[in-house]
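Reviewing the structure listed below.
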Amino acid sequence: MSIQLSRFARSLTVETAFTVLGIAKSLKARGKDVVELEIGDSPFDSTASARAGGVAAIEDNQSHYCPSPGIPEFREAAAAFVRREFDVPAEADNIVAGPGAKVFEQFFCEAFLNPGAGVLVFSPYFPTYVPNIERRGARPVFVPLRQSNEFRPGIADIERFLAEDESPRAIFLNSPHNPTGGVATEEDLAQIADLVRGRDVAVFSDEPYCHMVWEGTHRSLLSQPGMLEQCVAAYTFSKSYSMSGWRLGFAVASRDVADAIGKMVNTTLSCTPPIVQLAGTAALKHDAAERDRVMREFRDKVVLLTEGLNRIEGFSALDPKATFYVFPNVAPVCNRLGVTSHGLALYMLEGADERFGIASLGGECFGAAGAGFLRLSCAEPNERLRQALDFIPVALSRRDRLEAWLDEKPQYRLREPYRTD
Ligand SMILES: Cc1ncc(COP(=O)(O)O)c(C=O)c1O
């Protein structure tokens, strides 16, 4: 008898951005010029003190195990940072270091979910939420975000989930939001806090884009009264300090929950490399000005890309509010051409031209409610963004090439037109 993978392993879905990244890299290796707008990575160098701090930590032989929740310097610096920047009442004991933000989705689910628990997930959503919920045998409950509501979380949807679900246990909240760029307002956060306060309901507040807010400043749910007690917030160095490959982030939670998450680190990772934590500590202490300058460059890119996309017939994106993604509605184009939105993305990468392509993602890679949209990140120099913008109308006009590509990939033919109301 051959060895059998578990039901979970067989059903595991992954982040499509990495799959499209693989296609883009192999096309590039074969000589194609590809503008890569598929992955949410920064094109900038890690900030200066992070790099210097990492080198100094290596020279200082900080190359051994360290406490599972993190080294004291890092936990103190992270607590001071969220107090100073987001008004979150955290001390060092409220912080747990980890390799990025993503791992805390799993630890949050392990901390709060038993099999059958209901978890509210706004759709479209960051793709790894669902596998992490399912890993616990819990039950994602999807609620759509709407472009007409600026992709803000619907308060009435949360109320309904809490009132009607048979076992409501948790909510995944992501503001600023990937992929849509939506932001929950201070009023939204206050209302969400009022709804969950004192109930046995935990919130995962995913905040990787906390420095990419283009109007006003970032607000965290954890600054609302009582919310530190029943939320886990996740922050990362991947975006703000261009440190995605270092793998560093941290969670903020009540002391008891932070202790529990520390045990999860102990039983999986042992600890987060001290070299990396020291690099991050240096970034938190010294690199705010460099970070903010880089963030302004991102904002300019998002504006450039949004304005350019909105000039293309059938594309409509909201004015940029946050993140380095643009999420245009392309349903009219898909309906006219008879292609799904992810099919459109792949056609522009693979099929529209022999020598040039754009890598992006269909909104359905982030859940059914994303169908009819594209997600483009701004992770390329401005000149390359302009080349991509010039190429899209050319790609859309090549109906014969699209038909030939769809003949090869019929799974991307649009069977039912998308709603355009
Ligand atoms: C919403 C969201 N959560 C989590 C992550 C994971 O970030 P990290 O690289 O820190 O693990 C990302 C990265 O793109 C993200 O967009």
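Ligands are counted one by one from 1 in listed order, and the atoms in each one are counted from 1 as well.
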Asn178 N/O under 3.5 Å from ligand 1 N/O: yes

To check your reading of the model: name the closest protein heavy atom to atom 15 (C) of ligand 1, its residue, and the distance in Å. Phe126 CE1, 3.4 Å

Ligand 1 to Ala101 polar contact by distance, N or O atoms, under 3.5 Å: yes

Return yes if a side-chain donor-acceptor contact under 3.5 Å exists between Glu105 and Thr128, otherwise no. yes

Arg247 heavy atoms within 4.0 Å reach ligand 1 at atoms 8 (P), 9 (O), 11 (O)

Which ligand 1 atoms, with their elements, are less than 4.0 angstrom from a heavy-atom of Thr236? 8 (P), 10 (O)

I need the atoms of ligand 1 closer than 4.0 Å to a non-hydrogen atom of Lys239, numbered in the order shown. 13 (C), 14 (O)

Are a donor atom and an acceptor atom from the side chains of Ser42 and Ser242 found within less than 3.5 Å of each other? yes

Hey, would you say the Phe104 and Phe204 ring centroids sit under 6.0 Å apart? no

Ligand-side contact atoms (ligand 1) for residue partner Asn174, heavy atom cut-off under 4.0 Å: 1 (C)

Given Phe366, Tyr325, Trp246, Tyr209, identify the one with the heavy atom nearest to atom 16 (O) of ligand 1. Tyr209

is_close_aromatic(Phe366, Tyr125), centroid dist under 6.0 Å: no

Does ligand 1 have an atom that lies less than 4.0 angstrom from a heavy atom of Pro208? yes

Gly100: numbered ligand 1 atoms lying under 4.0 Å from its heavy atoms: 10 (O), 11 (O)

Using only heavy-atom distances, determine whether the side chains of Ser240 and His211 contain a donor-acceptor pair under 3.5 Å. yes

Does the side chain of Glu364 come under 3.5 Å of the side chain of Ser341 through a donor N or O and an acceptor N or O? yes

Does atom CG (Asp319) have a neighbourhood of more than 12 heavy atoms from anything else shown, all under 6.0 Å? no

